[in-house]
Amino acid sequence: MSSPLTSTQLTLDAASKFYDHRPVLREVTCSLPTGARTGIIGENGSGKSTLLRLLAGVELPDDGRVIRQAGGGIGHLPQEATPTPGWTVADAVDDALADLRAIEARLRALESAMSAGPPLCDGGAHSGNSDGDAGVLAEYGTLLAAFELRGGYDADARVEQVLHGVGLGGLRRDRPLGALSGGQQARLRLACVLAAGREVLLLDEPTNHLDDDGLAWLASHLRARTGTTAVVSHDRIFLDQVADTLIEVDGDTHGVRRYGDGYGGYLAARAATRARRAQAHATWTADVARQREAAASTARRGASHRGPTDKNKMSYGIAGDRVQQAVASRVRNAEERLRRLLDHPVAAPPQPLRFALPAGPAPTGTGGGVLFDAVDVSVAGRLAPVTVAVPAGGRLLVDGANGAGKSTLLRVLAGELAPDHGTLTRRATAGHLPQRIDVDDPDRSLLATFARGHPGDAREHAAALLSFGLFTAEQLSLPIGRASAGQRQRLALARVLRDPVDVLLLDEPTNHLSLALVEELQAALDAYPGAIVLVSHDRAIRRRWHDERLTLLPPETDQTPGPVSGGGQSPTRRSRAT
């Protein structure tokens, strides 16, 4: 075993990873500083989980190398895992502590050997301070340091602490893992990794399935650790609380970028990068205009050269040729400089996302400004009766437990699903972003999918799609069946952005998006003048929401949710669950 007192080192050195010849990470070099808390961000499918698996040693790079040096062990929480058949909660906890128990047992055995005195030589005399004695003492010291570094003496107490922290304090140890819900299994896996007390933690989406209390406890627990921590997360508040630095995995370049000063530093660096790109584009544009004017003005001066008089036609011809040659040379130089500039254009940064509102007059006959009016609408087994009115410019956040019918309500409001009971009156246009993005033709390109149902040629559609800054030109031909979840989400968002509507019906719009794009999306929502009905688990969005909220209850309950007041112009709603 390596000495636990040696500095931790986790480094990717020009490491590359391919799946089916498709690059995920390409020549990535980065390190996790000793004792630092690092957030790993990026879109779904960009390679964040792959990065953790390489650092953990679960997978090997196809090129380059990974340096792992952690005497106190590496704990890895995968995003998903299949429970071991036949295991109980107690089995999972025992497995997490197995190597600590093995170290403890070896320490006890070494203590017994040392307390029995030095070993005897063949002739019956004591061996004294032999090489064997030194080896036993060295092994004991190394194991004891590792055991203390991992908090071995507090392991049992730590198990109870972390189970309580993730909301499993009352979980019976004899419960079969197969009898636990998916959320309980995920929280138990997290608890086991934390309880093992390893020096390095590599956690892939540990905030999934945690409530607000669990999120607060986990953030506090990770801040108090002295070991090295790397966390993959899309939770902006959690990253702001936990991470000292951020590493962004870029799914387009297959590389990484590091940002200091936590999430705030990341936002500042992104803003500075955008400002530099805008300045570079402005400088390039000015240079192009200057060279065009230089070529044109030089040519004009040459064309307006005064003609010869009768007395100096011969000398004029000689001088005129020289002038024309000089002018032509200057024009060629200006045109060459212009050509070089045009051959290396500097693109402007994409414009921030924005949702468009119809340019025509507001809908008429809206009954006091109400755009959507649902009265006691319900869907059997999926949505309990609910009454909700959405006025022009209103804001409504729909929340509730999983299975309460949030997505179903948005589909009803969008006109995609007819309610079994109740009435729905729609007096305006709506754009619906569903939570689940279905793929009906996996071979259709991203561009063709974006253009479906819209007039115009491919060039016009490409220009419209590229204007959002969600894709590069090279990605437009990618079959949607091979696109990542993040790319499909961006395409669905682009389709909603393209069509001006009166009401946005957005179901978990931040899913699978990079944090930079989430920030742009939130700013676009804040600036949108139309009405919004939003379903979101994003804590940052929910904390900033000061308008109306509607909490749905599962269809089988007979409780009636109480109103939650909000400020500003907001939808009025009367909700009932039976």
Side-chain angles (χ1 to χ4, degrees), residues 7-34 36-70 74 76 78-79 200-205 228-234 239 243-261 265-266 269-270 272-274 276-277 280 344 346-347 349-350 446 469-479 482-487 490 512-517:
S7 295
T8 304
Q9 184 178 10
L10 288 176
T11 298
L12 296 182
D13 181 16
S16 298
K17 188 66 181 179
F18 299 82
Y19 295 117
D20 297 327
H21 305 291
R22 179 178 62 88
V24 177
L25 298 175
R26 179 179 285 145
E27 297 184 358
V28 169
T29 296
C30 67
S31 296
L32 299 185
T34 302
R37 296 187 300 270
T38 303
I40 300 176
I41 60 176
E43 293 181 8
N44 278 19
S46 62
K48 304 184 301 299
S49 297
T50 300
L51 182 69
L52 281 196
R53 289 195 295 268
L54 291 177
L55 289 170
V58 176
E59 295 186 19
L60 298 176
D62 295 311
D63 293 304
R65 60 176 182 157
V66 182
I67 302 170
R68 284 181 294 273
Q69 185 171 285
I74 299 175
H76 174 229
Q79 191 171 153
V200 176
L201 289 182
L202 305 175
L203 308 179
D204 198 347
E205 297 287 4
T228 303
T229 305
V231 179
V232 171
S233 180
H234 288 89
L239 288 172
D244 301 318
T245 60
L246 293 184
I247 292 177
E248 183 178 33
V249 183
D250 191 321
D252 296 330
T253 65
H254 313 297
V256 301
R257 288 186 294 271
R258 181 182 294 275
Y259 300 90
D261 300 326
Y266 164 74
R270 295 284 303 200
T273 298
R274 184 182 184 86
R276 286 195 298 271
R277 289 182 61 185
H344 299 87
V346 178
L446 294 179
L470 300 172
F471 297 98
T472 63
E474 293 75 17
Q475 293 172 327
L476 300 189
S477 60
L478 177 70
R482 289 172 47 200
S484 68
Q487 289 171 323
R490 282 184 284 170
H512 315 305
L513 299 182
S514 66
L515 292 184
L517 192 53

Nearest heavy atoms of [X] and [Y], plus distance in Å:
X: H76; Y: L52; result: NE2-CB, 4.3 Å
X: I74; Y: A56; result: CG2-CA, 4.3 Å
X: A483; Y: L446; result: CB-CD2, 4.2 Å
X: F471; Y: Q487; result: CZ-O, 3.4 Å
X: A230; Y: L32; result: CB-CD1, 3.7 Å
X: L10; Y: Q69; result: CD2-N, 4.4 Å

Validation row: R68, L55 side chains within 4.5 angstrom (heavy atoms):
no
Can you find a pair of side-chain heavy atoms, one from I67 and one from R65, that are under 4.5 Å apart?
yes
For the [atom1] atom of [X] and the [atom2] atom of [Y], what is their distance to the nearest 0.5 Å?
X: D62; Y: H21; atom1: CG; atom2: NE2; answer: 10.0 Å
X: S31; Y: L12; atom1: OG; atom2: CG; answer: 7.5 Å
X: L25; Y: T253; atom1: CG; atom2: OG1; answer: 10.0 Å
X: I247; Y: K48; atom1: CD1; atom2: NZ; answer: 13.0 Å
X: D250; Y: E248; atom1: CG; atom2: CD; answer: 6.0 Å

Examine distances only and state if a side-chain atom of [X] and a backbone atom of [Y] form a donor-acceptor pair shorter than 3.5 Å.
X: D13; Y: G64; answer: no
X: R257; Y: L246; answer: no
X: T38; Y: T245; answer: no
X: S16; Y: E27; answer: yes
X: K17; Y: D63; answer: no
X: H254; Y: S46; answer: no

Given the rule in the side chain to side chain contact (heavy atoms under 4.5 Å, CB included) test, do L515 and L239 qualify, once you have shown the distances and angles that lead to the verdict?
CA-CA 11 Å; L515 292 184; L239 288 172; 3.5 Å; yes
If you count heavy atoms of other groups shown closer than 6.0 angstrom to CZ of R258, is the number above 12?
yes
Trace of the side chain to side chain donor-acceptor pair (under 3.5 Å) decision for T273 with R270
CA-CA 5 Å; T273 298; R270 295 284 303 200; over 6 Å; no
Check against side chain to side chain contact (heavy atoms under 4.5 Å, CB included), L51 and V232:
CA-CA 10 Å; L51 182 69; V232 171; over 6 Å; no
Can you list the steps and then say if I41 with Y266 is a side chain to side chain contact (heavy atoms under 4.5 Å, CB included)?
CA-CA 11 Å; I41 60 176; Y266 164 74; 3.6 Å; yes
As a quick check of understanding, evaluate side chain to side chain contact (heavy atoms under 4.5 Å, CB included) for T34 and Q9, giving each step before the final call.
CA-CA 7 Å; T34 302; Q9 184 178 10; over 6 Å; no
